[in-house]
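So the structure is just underneath, and the comments pick up after that.
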Amino acid sequence: CLRVRGYKPSISGAKDGKSVKAALAKGLTLDEAKGAIDHFLASQKADEVGVSLTIAMTDHSLNQYHEAKAKEKSDLYA
């Protein structure tokens with residue numbers, strides 16, 4: 001968050017930690033999790049709902065990340 005937004009937010013260790021662990025348990029790699037968090041932090045969604053790892057790891061946020069990555073990949077081949 002410091003790199004993307006310029007400040008270090010407070011983190012709810014138990015709740016946020018569970019969300020990240022659940023996403024990793026679903027098969028998300030550590031690099032994908034980091035990418036999804038960066039994508040969320042840079043999104044308008046983060047502006048609207050607030051900065052939260054729990055929200056960054058929701059299915060909706062992760063789907064937006066995967067959609068953006070797929071679009072980047074398809075743009076390379078267009």
Checklist entry - Given the rule that I, L, V, M, F, W and Y join up when any side-chain heavy atoms are under 4.5 Å apart, are Leu24 and Ile55 in one cluster? => result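 Leu24 clusters together with Ile55.
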
Checklist entry - Any chain of hydrophobic side-chain contacts (each under 4.5 Å) joining Tyr65 to Val51? => result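 Result: no, two separate clusters.
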
Checklist entry - Taking C-beta and beyond as the side chain, do Thr29 and Lys34 meet within less than 4.5 Å on heavy atoms? => result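 No, their side chains stay 4.5 Å or more apart.
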
Item to check | Gap separating the OG atom of Ser52 from the CG atom of Leu41, nearest 0.5 angstrom | outcome: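 One gets 10.0 Å once the value is rounded to the nearest 0.5 Å.
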
What is the minimum heavy-atom distance between [X] and [Y], and which atoms define it?
{"X": "Ile37", "Y": "Leu53", "result": "CD1-CD2, 3.6 Å"}
{"X": "Met57", "Y": "Ala33", "result": "CE-O, 4.0 Å"}
{"X": "Ser61", "Y": "Phe40", "result": "OG-CD1, 3.9 Å"}

Checklist entry - Do the charged groups of Asp75 and Lys71 touch, with an N to O distance under 4.0 Å? => result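 Result for this pair is yes, salt bridge flagged.
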
Next on the checklist: Going by salt bridge (Lys or Arg N to Asp or Glu O under 4.0 Å), name the pairs with one or both residues in residues 45-58, residues two or more places apart or in two chains.
Outcome noted: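 Only Arg5-Asp47 qualify under salt bridge (Lys or Arg N to Asp or Glu O under 4.0 Å).
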
Checklist entry - Can you list every salt bridge (Lys or Arg N to Asp or Glu O under 4.0 Å) pair that touches residues 21-32, not counting sequence neighbours? => result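 Salt bridge (Lys or Arg N to Asp or Glu O under 4.0 Å) check on residues 21-32 returns Lys26-Asp59.
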
Checklist entry - Taking only residues two or more places apart in sequence or in another chain, which ones pass side-chain hydrogen bond (donor to acceptor under 3.5 Å, both in side chains) with Thr54? => result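 Here the qualifying residues are Asp16, Ser19.
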
Next on the checklist: Tell me every residue that passes salt bridge (charged side-chain N to carboxylate O under 4.0 Å, His left out) with Lys15, counting only those two or more places apart in sequence or in another chain.
Outcome noted: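 Scan of Lys15 (salt bridge (charged side-chain N to carboxylate O under 4.0 Å, His left out), adjacent residues dropped) gives none.
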
